[in-house]
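Everything on this sheet refers to the single structure shown next.
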Amino acid sequence: MLRQRSIIPGFSLTMGFSLTYLGLLVLIPLSMVFLKSSQLSGAEICRILFSPRALAAYQLSFGASLIAAGVNSVFGFLVAWVLVRYSFPLKSLVDALVDLPIALPTAVAGISLTTLYSPNGWIGSTLAQWGIQGSYSRLGVVIALTFIGLPFVVRTIQPVLKDADPEVEEAALCLGASRWQTFLKVLLPSLVPATLTGFALAFARALGEYGSVVFISGNMPMTTEIVPLLIMTKLEEYDYPSATALAAFMLCVSFLLLFVINSLQWWSQRHRKKLS
Amino acid sequence: MGIQIRNVSKSFGHFHALKDVTLTIPYGELVALLGPSGGGKTTLLRIIAGLDTPDSGSVILHGQDVSAKNPKDRDVGFVFQHYALFQHLTVFENIAFGLTVRPRRSRPSKEQIREKVTALIRLVQLENFIDRYPCQLSGGQRQRVALARALAVEPKILLLDEPFGALDAKVRKELRRWLRRLHEEVHVTTIFVTHDQEEAMEVANQLVIINEGRLEQAGTPEEIYHQPANPFVFHFIGDVNSFNWPGLEEKETVKSSGASAGPHLRRISVRPHLLKLSLDPPEGNRLAGRILHIIPAGPYVKVELKTEWGDSIQASISQERYKHLDLKTGMEVFIIPEELQDFEGSDAG
Amino acid sequence: MNDPRAVGPELKRHETAPIRWLLIASAIAFLSLFLFIPLLVVFINAFRDGLALFLAAAADPQTAAAIRLTLLVVALVLPLNVLFGLCAAWSITKFDFRGKNLLTTLIDLPLTVSPVISGSIFVLLFGAQGALGPWLASHQIRIVFAVPGIVLATLFVTFPYVARELIPLMQALGNDNEETAISLGAGSWQIFWRVTLPNIKWALLYGIILSTARAIGEFGAVSVVSGHIRGKTITVPLHVEILYNEYNFVAAFSVASLLVLVSLLTLFLKRLAEWKRQQVFLENAEHGSQGGGN
């Protein structure tokens, strides 16, 4: 299966170690989930996966992740645009801080966002005046997931925007297009693949997110319970069959998303190559 | 009236890209902006198009001062060096772009656009590629799409930045001839930037030589080749040998007599085809040289020589003369310049 | 070559000033709501009741125990991550084999799997009802709800980072340097230490920084396998959770602010490593083009 065509040493050593490591740490533990699920009967799996509580959790997890990824696609695009195209005071600091959600422990993000958006927090109290509840609601889940996903969108769009050939815009300008037409008809289409990739990355990340959401959501079954939390609860209740079946389902979704993201990235890269 | 450029200067930071350039280009001409890389040609082209704003001076297109106008209000077509095609649009959509972005009241109907684009596609000979995307085309085809796209908006002036720069030698030659024919057909005032003098000579009927931000000379290819205005133009256009010549002219006597002992040398510049080689010593001033190398292939024979004063020079002689003299490497010959180029008070080189 | 943009910015491509500032303001407003203000909130709440309470919370024995455990986990996880990252990057970039893309995808896998699932797989494998549970119990070995479980879960979520930083760089660098070294008679270790490592050190550092930050901050996966035994299986992020759930907000935010400082340091080091890496890359590109010109 493996073939080697190089005079460089170390193939069997490094390859052997990598495969063993991956096998022990990733493949065997992950396959346990499917092995355990396969021990359940079809009816049991259906009962677990389609229980009202699970359905409500899917709805929240997928819905909130979609909304958050959508919000990030719009504002992440804006942030990337502003960072690439304009100069303003403290720009490099702002640029560096965009990565904060990746570097910041999710628990810290969770307690901070919860405090800020709770009814007596700085922003939460303002929202409360309009009758909107920030923390301990579905909106809270969206807020946490938006925080988590932001860097993924910004960091996929930013390099593509940086590499965009200024001459293409100038060409549109010379042909009589207005600035807005140039943006809509020339720039935007070239950024679609990167934006979609960013959207998918943010969505995948949001779907699995746990740390920041547990604090802000309030964790009410049927209303503000996300799927990872449901799995956690089932584990704590020693309801391993339910936890396993739900985990297997979410893993399948992750694999699917990984496949989609890889295809999008491939498309996006091909798109970029074409442009250069 | 054509294009008038008046006292245009432009700098980027400390770099002076253009220094007080004044130039008039008559209506309907095909003009080459020629000069070494980094000399300011592209900047001048971009200023005419309105893509860059001059620090001072004005641009007048067809009698109208457009210095304050946006590119889209100047009726200019611009073809970029790397074509800048819209990658997500087909050949047809690329060419139609300028028509489809017009405001609704002046936008032609769908049929009119189709008709016009089809005519242009025929003009640039891309009938079989209408629905291709730019990435599916060769360099030469992309260049033609870029040209058709610029022509679609019926510009009064067509500007091309190094239009053949990114193409391989064979395609370049083809496209040069094609651009000439195209200009004869559409007759729009056309300016193209090039650093290749052969290309400029072959395509353009007017040359503008620009170097280090300055206008060195403007004129027909013939004028520029035979009456170069200064040493730079003389050296930039065509091959030139510069070497020490033992002859003195009357007016030179006073100038350089004290400078050197022995034979009075002066530095002269001669094109290779204006150097005669002879086995017999000529009358008057004589300069001997030894043949280092002979390149006999091609319409002319190129002979590399070293003069008795140590200069390396090259002479082009006809095949007949080469056979007649029976030249061999290592032979001593006499070098006779047929025509000298002398610039008052300046050292050529 | 005649490129004026290399020297100065051009004007016409940009929006008018009001639109520009409107866009900048909207972006900053969005970032403030979701990034800047939450960051401030941590520090403000940590110091709300003065420096003394902050220091008391930071010096609490429970906090100290949590920090010790987190540092222990990092110390165990990091060498393994570096070793795996180097091995995986070496085998993927230096050799051609079938299934390369699959292997690369497999390395990315932990990043797309929910941290909760990353933790649960170890509970399902080593837990009381897990596949190896009975055997472990009979040999008195505790993995889940003990330190080994925390280490395993952390390992799972952090191991891709080093490999992911090294692979693209080593792919871009190619094999030329190593092959030259071999032709000059260098041995395997010499090649690695004297040829490969100097080229990739900044990317390696970058990967180490990212995986360390993630190891310190990991919450979901660790939460599943920890069992929340006070003083024994509580890492710093779990400690923050406990303090917060006990309404001990000042202490929670004080410990959280320590984590924020770590992540700010991470961002700073990341920038530095990125900048250094770019320099190395540019130097290499320059040398490469010079070589090509000869």
Side-chain angles (χ1 to χ4, degrees), chain A residues 1-11 14-15 17-18 21-22 25-26 29-30 32-33 36 75 78-79 82 86 88 96-97 99-100 103-108 111-113 115-116 146-147 150 166 169 173 179 204 208 210-211 228 231-232 235 240 243-244 247 250-251 254 257-258 262, chain C residues 5 12-13 15 20 23-24 26-27 30-31 34-35 37-38 41-42 45 84 87-88 90-91 94-98 105-106 108-109 112-117 120-125 129 131 155-156 175 178-179 182 188 213 217 219-220 224 237 240-241 244 252 256 259-260 263 266-267 271:
Chain A
M1 166 202 172
L2 303 170
R3 71 198 150 89
Q4 186 185 346
R5 254 196 347 210
S6 176
I7 55 161
I8 291 173
F11 180 73
T14 54
M15 189 58 152
F17 179 78
S18 305
Y21 195 87
L22 274 176
L25 191 67
V26 181
L30 274 182
M32 287 311 298
V33 175
K36 285 256 171 191
F75 284 94
L78 177 68
V79 171
V82 164
Y86 308 141
F88 51 91
L97 280 178
D99 281 328
L100 188 72
L104 196 70
T106 51
V108 176
I111 63 170
S112 173
L113 289 170
T115 310
L116 186 61
T146 306
F147 172 86
L150 177 68
E169 281 167 73
L173 221 60
R179 185 73 198 132
Y210 171 77
I231 297 173
M232 187 78 165
L235 276 176
Y240 282 18
T244 316
M250 290 307 278
L251 270 178
S254 291
L257 279 172
L258 195 63
N262 277 352
Chain C
R5 282 179 310 281
K12 303 281 178 181
R13 216 153 60 80
E15 284 69 34
R20 194 162 67 231
L23 292 175
I24 293 173
S26 335
F30 175 78
L31 289 175
F34 286 93
L35 280 185
I37 300 179
V41 161
V42 176
N45 278 294
F84 171 78
C87 281
W90 188 271
S91 55
K94 301 287 175 208
F95 306 97
D96 267 333
F97 55 88
R98 254 177 284 170
T105 311
L106 217 57
D108 279 350
L109 198 60
T112 38
V113 171
S114 169
V116 168
I117 294 174
S120 348
I121 56 176
F122 293 103
V123 176
L124 293 176
L125 189 60
Q129 296 180 31
L155 217 46
F156 183 90
N175 288 353
E178 282 79 6
E179 280 167 2
I182 289 172
S188 309
F219 178 75
V224 178
V240 171
E241 183 198 18
Y244 185 83
L259 289 173
V260 171
S263 50
T266 308
L267 291 186
R271 281 276 135 154

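The sequence lines fix the lettering, A, B, ..., with proteins before strands; numbering per chain opens at 1.
Ring geometry for C:Phe30 versus A:Phe75: interplanar angle under 30°, hence parallel rather than tilted (30 to 60°).
Looking at C:Ile24, the atoms closer than 4.5 Å to chain A (heavy atoms on both sides) sit in the backbone and in the side chain alike. The part of C:Ile117 that comes within reach of chain A is its side chain, from C-beta onward, which places non-hydrogen atoms under 4.5 angstrom from that chain. For C:Phe84, the parts lying near chain A are the backbone and the side chain together; criterion is any non-hydrogen pair under 4.5 Å. Contacts between C:Leu155 and chain A at a heavy-atom distance below 4.5 Å involve backbone atoms as well as side-chain atoms. For C:Tyr244, the part lying under 4.5 angstrom from a heavy atom of chain A is the side chain only. Only the side chain of A:Tyr21 comes within contact range of chain C, judged by heavy atoms closer than 4.5 Å. Neither the backbone nor the side chain of A:Ala243 comes within contact range of chain C; no heavy atoms are under 4.5 Å apart. Contacts between A:Asp99 and chain C at a heavy-atom distance below 4.5 Å involve backbone atoms as well as side-chain atoms.
Across every non-hydrogen atom of A:Tyr240 and C:Val123, the tightest pair is OH-CG1, 3.2 Å. In terms of heavy-atom proximity, A:Gly208 sits nearest to C:Ser114 at O-OG, 2.7 Å. Pairing each heavy atom of C:Ser263 with each of A:Leu100, the nearest pair is OG-CD1, 4.4 Å. Pairing each heavy atom of C:Leu124 with each of A:Met32, the nearest pair is O-CE, 4.3 Å. Smallest separation of non-hydrogen atoms from A:Val82 and C:Ala27: CG2-CB, 3.9 Å. Here the closest heavy-atom approach between residue C:Phe122 and residue A:Pro29 is recorded as CE2-CG, 4.0 Å.
Residue C:Leu125 holds its CG atom at 9.0 Å from NZ of A:Lys36, rounded to the nearest 0.5 Å. In this structure, A:Phe11 CZ and C:Asp96 CG are separated by 9.5 Å, a value rounded to the nearest 0.5 Å. For the atom pair CG of C:Leu35 and CG of A:Leu150, the computed distance is 5.5 Å after rounding to the nearest 0.5 Å. To the nearest 0.5 Å, atoms CG (C:Asp108) and CG (A:Asn262) are separated by 6.5 Å. For the atom pair OG1 (A:Thr146) and CZ (C:Phe34), the distance works out to 4.5 Å, reported to the nearest 0.5 Å. Rounded to the nearest 0.5 angstrom, A:Thr14 OG1 and C:Phe95 CZ are separated by 5.5 Å.
Top candidate by heavy-atom pairs under 4.5 Å with chain A, chosen from C:Leu106, C:Thr266, C:Val240, is C:Leu106. For chain C, the option among A:Leu113, A:Leu235, A:Leu97 with the highest count of heavy-atom pairs below 4.5 Å is A:Leu97. Annotation: maximal heavy-atom pairing with chain A below 4.5 Å, among C:Cys87, C:Ser188, C:Pro237, occurs at C:Cys87. Comparing A:Thr106, A:Val33, A:Leu257, A:Leu22 by how many heavy-atom pairs each has under 4.5 Å with chain C, the most go to A:Leu22. For chain C, the option among A:Ile231, A:Thr244, A:Leu258 with the highest count of heavy-atom pairs below 4.5 Å is A:Leu258.
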Q: Run the numbers on A:Leu104 and C:Leu259 for side-chain contact (heavy atoms from CB on, under 4.5 Å), then give the verdict.
A: CA-CA 7 Å; A:Leu104 196 70; C:Leu259 289 173; 5.9 Å; no
Q.
Pair C:Leu109, A:Leu30 - check side-chain contact (heavy atoms from CB on, under 4.5 Å), show working.
A. CA-CA 10 Å; C:Leu109 198 60; A:Leu30 274 182; 3.4 Å; yes
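The backbone N or O of C:Thr112 sits less than 3.5 Å from a side-chain atom of A:Ser254, completing a donor-acceptor pair. A donor-acceptor contact shorter than 3.5 Å is absent between the side chain of A:Ser112 and the backbone of C:Val41.
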